[in-house]
S.K.: 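Take this structure first; my questions come after.
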Amino acid sequence: QVQLQESGPGLVKPSQTLSLTCTVSGDSITSNGYDWSWIRQSPGKGLEYMGSIAFSGRTFYVPSFESRTSFSRDTSKNQFTLQLDSVTPADTAVYYCARKPSFLVHVRSDFDSWGQGTQVTVSS
């Protein structure tokens with residue numbers, strides 16, 4: 001009964017920073033053995049795994065996103081956050097948060113729970 005829900009702005013201007021929050025219920029983001037992840041989907045590139053923050057608080061960033069991506073969490077609220085700097089229209093996508101057992105690699109079938117996704121449009 002784990003549930004994840006994304007929240008944040010639906011429209012961001014180019015060069016600004018996108019911040020999205022994932023609120024988790026039914027499990028703790030500090031529960032041993034799970035990673036809490038961000039994935040996005042766009043028509044041009046399909047599904048893209050961006051990275052994760054593990055139950056320990058350690059972060060992993062996919063190299064193509066690392067320079068402008070930052071993950072954080074608030075354990076008291078059972079939330080974790082994506083910050084994506086210097087956005088362009090190419091960052092327009094549906095953004096998902098998802099849970100994955102830590103021992104699995106980051107392919108789509110490895111994620112056992114997904115949020116519903118939130119549409120983000122980058123436009124002036």
Side-chain angles (χ1 to χ4, degrees):
Q1 294 185 331
V2 176
Q3 291 184 284
L4 296 83
Q5 185 171 38
E6 304 89 347
S7 61
L11 180 65
V12 183
K13 293 182 178 180
S15 81
Q16 295 189 336
T17 296
L18 169 66
S19 183
L20 297 175
T21 296
C22 184
T23 300
V24 178
S25 62
D27 192 17
S28 172
I29 61 173
T30 62
S31 292
N32 196 322
Y34 287 96
D35 297 340
W36 304 88
S37 307
W38 290 99
I39 306 99
R40 71 182 190 182
Q41 184 172 29
S42 64
K45 295 190 175 184
L47 285 171
E48 292 181 286
Y49 168 65
M50 303 179 71
S52 303
I53 184 165
F55 65 94
S56 65
R58 284 187 168 272
T59 54
F60 170 76
Y61 303 98
V62 171
S64 61
F65 292 104
E66 187 170 11
S67 65
R68 60 191 185 101
T69 303
S70 180
F71 303 142
S72 60
R73 67 180 186 174
D74 185 338
T75 58
S76 69
K77 296 180 179 179
N78 214 36
Q79 296 176 328
F80 61 102
T81 300
L82 161 68
Q83 181 176 295
L84 182 64
D85 298 327
S86 303
V87 298
T88 73
D91 294 311
T92 295
V94 178
Y95 286 76
Y96 299 91
C97 54
R99 186 182 75 168
K100 178 187 70 64
S102 295
F103 70 94
L104 296 176
V105 297
H106 303 123
V107 300
R108 182 167 57 186
S109 60
D110 291 336
F111 298 94
D112 62 10
S113 187
W114 295 67
Q116 82 285 353
T118 185
Q119 173 70 49
V120 176
T121 299
V122 179
S123 176
S124 60

S.K.: What residue pairs, at least two apart or across chains, pass disulfide bond (SG atoms under 2.5 Å apart) with a residue in residues 24-64?
M.R.: none
S.K.: Check the pair Glu6 / Leu20 against side-chain contact (heavy atoms from CB on, under 4.5 Å), numbers first and verdict last.
M.R.: CA-CA 7 Å; Glu6 304 89 347; Leu20 297 175; 5.8 Å; no
S.K.: Which heavy-atom pair separates Ser52 from Asp35 by the least distance, and what is that distance?
M.R.: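 Between these two residues, the closest heavy atoms are CB-CB, 3.9 Å.
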S.K.: Would you mind listing every disulfide bond (SG atoms under 2.5 Å apart) that reaches into residues 23-59, with sequence neighbours excluded?
M.R.: none
S.K.: As an exercise, state the distance from CZ of Phe71 to OG1 of Thr81, rounded to the nearest 0.5 Å.
M.R.: 10.5 Å
S.K.: Sequence neighbours excluded, which residues qualify as side-chain contact (heavy atoms from CB on, under 4.5 Å) partners of Ser64?
M.R.: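 Per chain and number, Ser64 pairs via side-chain contact (heavy atoms from CB on, under 4.5 Å) with Val62.
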S.K.: Restricting to pairs with a member in residues 91-124, which pass disulfide bond (SG atoms under 2.5 Å apart), not counting sequence neighbours?
M.R.: Cys22-Cys97
S.K.: For the atom pair CG (Asp85) and CG (Leu18), what is the distance rounded to the nearest 0.5 Å?
M.R.: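 Between atom CG of Asp85 and atom CG of Leu18 there are 9.5 Å.
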S.K.: So, applying ring pair (Phe, Tyr, Trp, His ring centres under 6.0 Å) with Trp38, which one of Phe80, Tyr95, Phe65 is it?
M.R.: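 Of the listed options, the one satisfying the test is Phe80.
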S.K.: Please confirm whether the backbone N or O of Thr23 pairs with a side-chain atom of Asn78, one donor and one acceptor, at under 3.5 Å?
M.R.: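 Side chain of Asn78 to backbone of Thr23: no pair is present.
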S.K.: Quick one: list whatever passes salt bridge (Lys or Arg N to Asp or Glu O under 4.0 Å) with Asp74, sequence neighbours left out.
M.R.: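 Asp74 satisfies salt bridge (Lys or Arg N to Asp or Glu O under 4.0 Å) with no other residue.
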S.K.: According to disulfide bond (SG atoms under 2.5 Å apart), does anything in residues 35-71 pair up with another residue at least two apart or in another chain? List the pairs.
M.R.: none
S.K.: Does Ser102 use its side chain to pair, donor to acceptor, with the backbone of Tyr34 at less than 3.5 Å?
M.R.: yes
S.K.: Distance-only criterion, 3.5 Å: show the donor-acceptor pairs between side-chain atoms of residues 117-124 and protein atoms not counting sequence neighbours.
M.R.:
none

S.K.: Go through the structure and list residues passing salt bridge (Lys or Arg N to Asp or Glu O under 4.0 Å) with Arg108, not counting sequence neighbours.
M.R.: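 If we apply the salt bridge (Lys or Arg N to Asp or Glu O under 4.0 Å) test to Arg108, skipping adjacent residues, there are no hits.
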S.K.: Taking all heavy atoms of Arg99 and all of Asp27, pick out the closest pair and write down the distance.
M.R.: NH1-OD2, 3.0 Å
S.K.: How close do Gln41 and Leu47 get, heavy atom to heavy atom, and via which atoms?
M.R.: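 Smallest heavy-atom distance, with atoms named: CB-CD2, 3.7 Å.
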S.K.: Return the CZ to OG1 distance between Arg73 and Thr21, rounded to the nearest 0.5 Å.
M.R.: 14.5 Å
S.K.: Can you name the salt bridge (Lys or Arg N to Asp or Glu O under 4.0 Å) partners of Glu48, sequence neighbours left out?
M.R.: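 Applying salt bridge (Lys or Arg N to Asp or Glu O under 4.0 Å) to Glu48 gives Arg40.
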S.K.: If you define the side chain from C-beta out and look only at heavy atoms, does anything of Thr92 sit under 4.5 Å from Ser42?
M.R.: no
S.K.: Just jot down the ring pair (Phe, Tyr, Trp, His ring centres under 6.0 Å) partners of Tyr96, sequence neighbours excluded, or say none.
M.R.: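 If we apply the ring pair (Phe, Tyr, Trp, His ring centres under 6.0 Å) test to Tyr96, skipping adjacent residues, the hits are Trp114.
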S.K.: Would you indicate whether Gln3, at its atom CD, is surrounded by more than 12 heavy atoms from other residues, nucleotides or ligands within a distance under 6.0 Å?
M.R.: no
S.K.: So which residues get pulled into Phe55's cluster when ILVMFWY side chains under 4.5 Å apart are joined, directly or through others?
M.R.: none
S.K.: Restricting to pairs with a member in residues 54-63, which pass side chain to side chain donor-acceptor pair (under 3.5 Å), not counting sequence neighbours?
M.R.: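 Output for this query is empty, none listed.
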S.K.: Kindly give the heavy-atom pair with the smallest separation between Ser113 and Leu4, and that separation in Å.
M.R.: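 Minimum heavy-atom contact is OG-CD1, 3.2 Å.
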S.K.: Please give me the minimum heavy-atom distance between Ala98 and Ile39, naming the atom from each residue.
M.R.: CB-CD1, 3.6 Å
